[in-house]
Amino acid sequence: MEEIAEVYARSLFEVAKENDKLDEIHEELDQFADAMSESRELQVFFFSPYFSSQEKKDGIGKIVDGGDEYFVRFLELLAERHRMPALFRIRRVFDRMWAEENKLLSVTLTSAVELDDDIKDDIRKKIEDETGRKVEFDSKVDPDLLGGLKLQVGNFVMDASVRSRLERLRKQVARAA
């Protein structure tokens, strides 16, 4: 299923990029996938083999009224080939390619207490300067950290929290005993 999602997402991405509609199609894909995830009725309709491809195509025409023609055709193709269940994986792959194209980097900063906006801005700017990419910044508070910070940049995690230091110390003591 993952390979199917990759192929369909790449195709949609390339068509969107060729026609200079990358942001528009990205937004429409997000909206459609959100609507699907929130509506059990839509999932039953589009995922069920009891409805014909033509009924599903007609449904797409009504749901995505006024949508981009390439995106509507893409959804119709998914319905025709019974690939609608791959939609959420397609979205994930498309989002990853879109972020790469726009040089976006996902960063999550977790701290034991709420940090000042100035501190968060300084961290975001420093990461942008170091990576040369635009940062999508998310900040969380986790009192279990006790102190310090935990920073996740893409797939890399830097854990400088008091909790992780205490855990490392506990393991060292256990090994020494």
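Listed by chain and residue number, nothing satisfies the salt bridge (charged side-chain N to carboxylate O under 4.0 Å, His left out) test with Glu18 (two or more places apart in sequence, or in another chain). Looking at residues two or more places apart in sequence or on another chain, you find a side-chain contact (heavy atoms from CB on, under 4.5 Å) between Ile127 and Leu105, Val107, Ile123, Thr131, Val135, Leu151, Val153. With sequence neighbours excluded, the residues forming a salt bridge (charged side-chain N to carboxylate O under 4.0 Å, His left out) with Lys21 are Asp68, listed by chain and number. Legend: residues meeting salt bridge (charged side-chain N to carboxylate O under 4.0 Å, His left out) with Glu69, ordered by chain and number and at least two apart, are Arg73. Residues satisfying the salt bridge (charged side-chain N to carboxylate O under 4.0 Å, His left out) test with Lys17, not counting sequence neighbours, are Glu101.
At least one side-chain heavy atom of Leu104 sits under 4.5 Å from a side-chain heavy atom of Trp98.
Side chain of Gln43 to main chain of Met36: a donor-acceptor pair is present (N/O by atom type, distance under 3.5 Å, no hydrogens or angles). Panel note: side chain Asp159, backbone Ser161; a donor-acceptor pair is recorded below 3.5 Å. Although no hydrogens or angles enter the test, the distance criterion places a donor-acceptor pair under 3.5 Å between the side chain of Lys56 and the main chain of Ser48. Under the 3.5 Å distance criterion, the side-chain polar atoms of Ser39 are left unmatched by any main-chain donor or acceptor of Ala35. Of the possible polar contacts, one joining the Ser52 side chain to the Glu55 backbone as a donor-acceptor pair under 3.5 Å is found.
A salt bridge links Glu6 to Arg10: at least one charged side-chain nitrogen sits closer than 4.0 Å to a carboxylate oxygen. Ion pairing between Asp122 and Lys125 fails under the 4.0 Å rule for side-chain N and carboxylate O.
Using bins of under 30°, 30° to 60° and over 60° for the plane-to-plane angle, the ring pair His26/Phe94 lands in the parallel bin.
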Listing, residues 136-146 side-chain donor-acceptor contacts under 3.5 Å, not counting sequence neighbours, or none:
residue: Asp142; atom: OD1; partner: Asp144; partner atom: N; Å: 3.1

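Enclosure of atom CG in Asp20 is not indicated, since only 12 or fewer non-hydrogen atoms of other residues, nucleotides or ligands lie within 6.0 angstrom.
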Exercise. Please report the C-alpha distance between Glu100 and Arg133 in whole Å, then the side-chain angles of each, then the deciding distance to 0.1 Å, and finally whether the side-chain contact (heavy atoms from CB on, under 4.5 Å) criterion is met.
Key: CA-CA 9 Å; Glu100 189 65 35; Arg133 298 174 84 176; 3.2 Å; yes
Practice problem: Applying side-chain contact (heavy atoms from CB on, under 4.5 Å), run through Arg175 and Lys171 and close with a yes or a no. | Solution: CA-CA 6 Å; Arg175 268 189 262 132; Lys171 287 179 182 178; 4.0 Å; yes
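Applying side-chain contact (heavy atoms from CB on, under 4.5 Å) to Val72 and the options Leu77, Ile63, Ile60 leaves one that passes, Ile60.
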